[in-house]
Amino acid sequence: MAERVRVREIDDDEGRRLLRIIRRGTGSVVTWRRAQMVLLSAQGMPVAKIAEVTFTSNDRVRDVIHNFDTDGFGSLYPKYKGGRPLMPHPGRQWAERGGRYKDPDREPRRRRRATYTCPHGVRHLFAALDLAKDKLYGHIKLVKKRTQFLAFCRYLRSLYPPEVRIAIVCDNFFPHLTTKKCQRVGTWAAANNVEIACTPTNSSWLNRIEAQFTALRYFTLDGTDHASHKEQGSVIRRYIIWRNRHANDERLRAVVDRANVA
């Protein structure tokens, strides 16, 4: 039988420090989640239960506990690295070396187009994850306003019998909210047996679909240079079809598990 993993004994000062991190309303979400795992382990909760509560894998919980045992509170704080968003990044656009190392028979390398401006605008992906079926849905729109949000909600409602109550979990971006000036979302939800549940401010990571966006970027957008929005949209739609047919793919699960805690 495998040895049970549990964090080392922590003293009162360390316990109070962990509680302060968890109760604090600001700061890194990553630090908050890691502190939560450590504190739950100190309280005697087994790894499997911690993974269930924090929506991550058993291996990730064990890593957080082992890192805390080794490095203490320093392991709770993420070590971010600076990036260069306008530079090419690993993917299909990398080419062979040029200059004096260039193969004389090779044509000039293709340049990656600049991304300083968006002359053709941007596109917005409305997406939903069915937790029961582990199925992803997505619609690409020109704008992201209440009209488009309600259209996507009506599509989601059509996937289930009217008598089945569904809950749609959203972040608190304004098109998702019912306000004094616009009550269309709340009125529609009440009339169609739907509950709109919004995550707390700055806590959209609690939504289980967030890790799926990381996987979508990894498999469809990283290292690409689509010539048009139509081409990019086609790739995204093909990915969603592939993802729903291969939800247990090892590469996909690895990316999602990392995103659930990182």
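Residue numbers run from 1 in the order of the sequence given.
- Counted by atom type alone, Ser234 and Arg238 present one or more donor-acceptor pairs between their side chains at under 3.5 Å.
- Taking every heavy atom of both residues into account, Ala51 and Asn58 meet most closely at CB-OD1, 3.2 Å.
- None of Val64, Val38, Val7 except one satisfies the side-chain contact (heavy atoms from CB on, under 4.5 Å) rule with Asp69; the exception is Val7.
- Separation of atoms CD1 (Ile209) and CZ (Phe213) is listed at 4.0 Å; rounding is to 0.5 Å.
- Listed for the Thr70 side chain is a donor-acceptor partner under 3.5 Å among the backbone atoms of His66.
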Compile the donor-acceptor pairs under 3.5 Å between side chains in residues 145-153 and protein atoms, sequence neighbours left out, one pair per line.
| residue | atom | partner | partner atom | Å |
| --- | --- | --- | --- | --- |
| Arg146 | NE | Leu177 | O | 3.1 |
| Arg146 | NH2 | Phe174 | O | 3.0 |
| Arg146 | NH2 | Leu177 | O | 3.2 |
| Thr147 | OG1 | Arg184 | NH1 | 3.3 |
| Gln148 | OE1 | Lys145 | N | 3.2 |

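- Evaluation of the side-chain hydrogen bond (donor to acceptor under 3.5 Å, both in side chains) rule for Asn248 yields no partner, not counting sequence neighbours.
- From Ile50, atom CD1 reaches atom CD of Gln43 across 9.0 Å, with rounding to the nearest 0.5 Å.
- What you find for Gly233 and Ile140 is that their closest heavy atoms are CA-CD1, 3.5 Å.
- In this structure, Leu216 CG and Ile240 CD1 are separated by 6.0 Å, a value rounded to the nearest 0.5 Å.
- One distance of note links CG of Leu39 with CD of Glu14; it measures 11.5 Å at 0.5 Å rounding.
- The shortest side-chain heavy-atom distance between Arg123 and Lys141 does not fall under the 4.5 Å cut-off.
- Val169 and Trp188 end up in different hydrophobic clusters when Ile, Leu, Val, Met, Phe, Trp and Tyr side chains are linked at under 4.5 Å.
- When side chains are defined from C-beta on, Val47 counts as touching Arg62, because their heavy atoms get closer than 4.5 Å.
- Between Ile166 and Arg157, some side-chain heavy-atom pair lies under the 4.5 Å cut-off.
- Contact check for His124 versus Leu142: no side-chain heavy atoms found under the 4.5 Å cut-off.
- By the neighbour-count criterion of 12 heavy atoms within 6.0 Å, atom NZ of Lys144 is densely surrounded, having more than that number from other residues, nucleotides or ligands.
- Between Ala215 and Val256, the shortest heavy-atom contact is CB-CG2, 4.1 Å.
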Between Thr199 and Cys170, is a side-chain contact (heavy atoms from CB on, under 4.5 Å) present by the stated rule, with each step listed?
CA-CA 6 Å; Thr199 57; Cys170 314; over 6 Å; no
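- A continuous path of ILVMFWY side-chain contacts below 4.5 Å connects Val53 to Ile65, so both sit in one hydrophobic cluster.
- Under the 3.5 Å distance criterion, the side-chain polar atoms of Asp130 are left unmatched by any main-chain donor or acceptor of Lys135.
- With a 4.5 Å cut-off on side-chain heavy atoms, Gln36 and Ile21 do not count as touching.
- Residues Tyr160 and Ile168 are members of one and the same hydrophobic cluster, defined by side-chain heavy-atom contacts under 4.5 angstrom among Ile, Leu, Val, Met, Phe, Trp and Tyr.
- Here the CD1-CZ distance, from Ile10 to Arg16, works out to 11.0 Å after rounding to the nearest 0.5 Å.
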Applying side-chain contact (heavy atoms from CB on, under 4.5 Å), run through Asn244 and Lys133 and close with a yes or a no.
CA-CA 9 Å; Asn244 289 336; Lys133 301 177 181 178; over 6 Å; no
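- Counting heavy atoms from C-beta on, the side chains of Met37 and Leu40 never come closer than 4.5 Å.
- Between Leu252 and Ala247, the closest heavy-atom pair is CD2-O, 3.8 Å.
- In this structure, Arg17 does not pair ionically with Asp11, as no charged nitrogen and carboxylate oxygen lie closer than 4.0 Å.
- Contact check for Arg251 versus Phe219: side-chain heavy atoms found under the 4.5 Å cut-off.
- Hydrophobic clustering of Ile, Leu, Val, Met, Phe, Trp and Tyr side chains at less than 4.5 Å, counting indirect connections, unites Leu19 with Tyr77.
- Around the CZ atom of Arg245, the shell of radius 6.0 Å holds no more than 12 heavy atoms that belong to other residues, nucleotides or ligands.
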Assess the residue pair Asn67 and Leu76 against the criterion (side-chain contact (heavy atoms from CB on, under 4.5 Å)); give the C-alpha distance rounded to whole Å, side-chain angles, the decisive distance to 0.1 Å, and a yes or no.
CA-CA 8 Å; Asn67 291 340; Leu76 302 182; over 6 Å; no
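- Classification of the Trp242-Tyr239 ring pair by plane angle, with boundaries at 30° and 60°, yields tilted.
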Begin with the C-alpha distance, continue with both residues' side-chain angles, and end with the deciding distance and a verdict on side-chain contact (heavy atoms from CB on, under 4.5 Å) for Asp134 and Arg243.
CA-CA 10 Å; Asp134 195 11; Arg243 184 253 173 236; 2.6 Å; yes
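- The aromatic ring centres of Tyr155 and Phe126 sit 6.0 Å or more apart.
- Between Trp32 and Arg34 there is no side-chain heavy-atom pair separated by less than 4.5 Å.
- To the nearest 0.5 angstrom, Leu131 atom CG is 5.0 Å from Leu129 atom CG.
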